[in-house]
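Before any comments, here is the structure.
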Amino acid sequence: MLDPKLLRESPELVRAAIAKKYLEVDLDAILALDAAWRAQLVEVETLRAKSKAANTEMAKLPKGSPEFIAKVQEMKAVSAEVKAREAGLVEIETKHKAAMLSLPNLPHQSVPEGRTPEQNVTFATWGTCEALSPVAKPHWEIPGFDKIIDFGRGSKVTGAGFPFYIGDGARIVRALLQFFLDEAVTAGYTEVNPPIFVNAASATATGQLPDKEGQMYEAVADGFYAVPTAEVPLTNFFRDEILDEAALPVKRAAYTPCFRREAGSYGKDVRGLNRLHQFDKVELLKWVHPTQSYIELDLLRADAERLLQKLELPYRVLLMCGGDVGFSQAKKYDLEVWAAGQQRWLEVSSCSNFEAFQARRAQIRFRKGDGKPELVHTINGSGLAVPRVLAALLENNLQADGTVKLPAALVPYFGRDALRFG
RNA sequence: GGAGAGGUGGCUGAGUGGUCGAAAGCAGCGCUUUGCUAAAGCGCCGUAGGUGUAACAGCCUACCGGGGGUUCGAAUCCCCCCCUCUCCGCCA
């Protein structure tokens with residue numbers, strides 16, 4: 001959520017910033033709503049003050065006295081009017097709040113102009129994409145692939161996009177997760193194992209609700225949502241809390257399975273491990289001092305990049321242009337790994353600064369030296385998502401003998417230096 | 001799932017219809033005094049919104065788990081829900 005005061009005092013600044021994201025927003029309607037809400041608020045509060053003053057007076061009068069009885073009669077009318085006007089106030093307040101929740105976060109000034117993914121800026125590259133594997137092919141075409149990752153059985157048991165991992169397939173998933181978590185802890189993140197269902201308040205705080213409920217699986221009977229990312233339970237850990245300034249930055253990492261309905265995203269990039277409804281991911285998250293958030297964003301991105309470097313996977317870093325920065329983010333980098341078989345980049349991490357957008361919704365604050373609470377900034381990024389990393393490993397490291405050679409960093413976790421199919 | 005007890009400010013904890021935004025203690029902040037790793041005394045000390053201000057201040061309103069209700073008036077009474085604890089049931 002945006003700072004209502006900023007919107008009120010600098011609407012043109014907000015309008016320009018939203019335009020940079022190429023999002024349609026009726027700002028004038030929201031401003032009108034804001035003005036109407038404040039006018040009604042003043043009316044209701046004036047009435048309340050009147051009845052409150054009368055009540056204080058009445059408390060001093062003898063209960064059955066004529067003055068008392070007269071006052072009761074008089075105040076009955078005021079009370080009724082308060083009630084009537086409160087109803088109108090609640091109505092406009094609800095609209096106003098919904099409108100504020102519909103406003104996206106403003107992009108940071110360092111976000112490049114642009115409307116489409118093609119206009120994202122290649123910020124950095126690492127490794128070389130050529131001559132990775134002479135026998136590289138899309139991972140789903142590797143002989144024996146379905147012996148270790150079984151989409152057919154997953155589809156029977158649950159549905160499309162819910163594969164079984166078997167044997168070395170299951171083992172490599174576990175090895176990657178453990179590697180990711182160990183690296184995160186080494187980098188100073190505290191490991192957390194969070195709930196994988198969250199309530200509506202949590203999903204609202206991080207920006208999944210309202211409007212994006214169609215992207216989450218919902219346990220209707222209980223009002224819970226299956227987490228689309230560990231970001232949701234992790235960020236909400238401190239919801240409605242005030243942190244110590246000295247404790248910042250707070251750094252945490254969590255593994256969870258992630259559940260995404262991916263409604264409307266069926267298309268060319270859904271084959272194999274490229275896009276799943278359930279996948280494993282380690283998420284890195286920081287609660288930071290507002291003055292430090294862009295430094296901390298770079299540090300977090302470096303933490304994610306280091307994983308790819310240790311896995312010896314070529315990758316590039318994209319700085320997302322205004323049109324491709326998400327609804328809640330102020331700035332976003334994507335890490336994309338090269339998949340030699342598909343000859344394409346696969347997004348494996350998205351590192352974002354939300355500034356105070358989530359913190360305001362979630363009321364996560366810290367107490368400053370002068371004692372006043374102030375909103376923190378939240379930063380998060382994958383570190384990393386398993387299936388696409390696995391896809392790149394399978395494609396880039398495929399050997400002529402049909403096995404997949406594993407990078408040295410993974411060998412202690414996997415227990416062998418090569419993965420076999422079947 | 002059943003029965004009982006409870007949810008009050010950063011923490012502990014009073015408060016069963018009006019003078020309660022809420023005693024007291026702890027923690028924190030400021031001042032004073034004495035002074036060797038500290039003690040005593042005094043004062044201040046919730047959050048949010050609105051209004052107001054150059055910015056403070058001030059003023060107003062709301063908030064005692066959440067939501068409704070009764071009443072001129074609710075932390076206090078009634079209803080529903082959530083959560084915590086104890087016991088029972090079930091269960092990895």
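Side chains are part of it too, since the values below use all heavy atoms of this structure and drop only hydrogens, waters and symmetry mates. In the text below, chain A, chain B and the rest are named by the order of the sequence lines, each starting its count at 1.
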Need one value for A:T56: base, sugar-phosphate or nothing, where a base atom within 4.0 Å counts as base even if backbone is also close, heavy atoms only.
nothing
Heavy atoms under 4.0 Å, any strand shown: does A:K60 hit a base, just sugar-phosphate, or nothing?
nothing
Minimum-distance nucleotide (side-chain atoms of A:L41 versus B:G50, B:G18, B:U61):
B:G50
Using purine N1 to pyrimidine N3 plus N6-O4 or O6-N4 for Watson-Crick, or N1-O2 and O6-N3 for G-U wobble, each under 3.5 Å, what pairs with [N]?
{"N": "B:G52", "answer": "none"}
{"N": "B:G4", "answer": "B:C85"}
{"N": "B:C29", "answer": "B:G43"}
{"N": "B:G18", "answer": "B:C72"}
{"N": "B:G35", "answer": "none"}
{"N": "B:A57", "answer": "none"}
{"N": "B:C91", "answer": "none"}
{"N": "B:A24", "answer": "B:U12"}

Could you check whether [X] makes a cation-pi contact with [Y], meaning its NZ or CZ is under 6.0 Å from the centre of the six-membered ring and within 45° of the ring axis?
{"X": "A:R301", "Y": "A:Y333", "value": "yes"}
{"X": "A:K147", "Y": "A:F421", "value": "no"}
{"X": "A:R174", "Y": "A:Y413", "value": "no"}

Tell me which residues in residues 190-205 of chain A lie within less than 4.0 Å of RNA chain B, going by non-hydrogen atoms.
none
Quick one: which residue pairs count as a side-chain hydrogen bond (donor to acceptor under 3.5 Å, both in side chains) with a foot in residues 97-108 of chain A, not counting sequence neighbours?
A:H108-A:S110
Check: A:R252 side chain, A:K286 main-chain N or O, donor-acceptor pair, under 3.5 Å:
no
CA sep, side-chain torsions, deciding dist, call: A:E241, A:R365, salt bridge (charged side-chain N to carboxylate O under 4.0 Å, His left out)
CA-CA 6 Å; A:E241 294 192 26; A:R365 295 173 292 172; over 6 Å; no
Taking only the C1' atom of each, what is the distance from B:G21 to B:A75 in whole angstrom?
10 Å
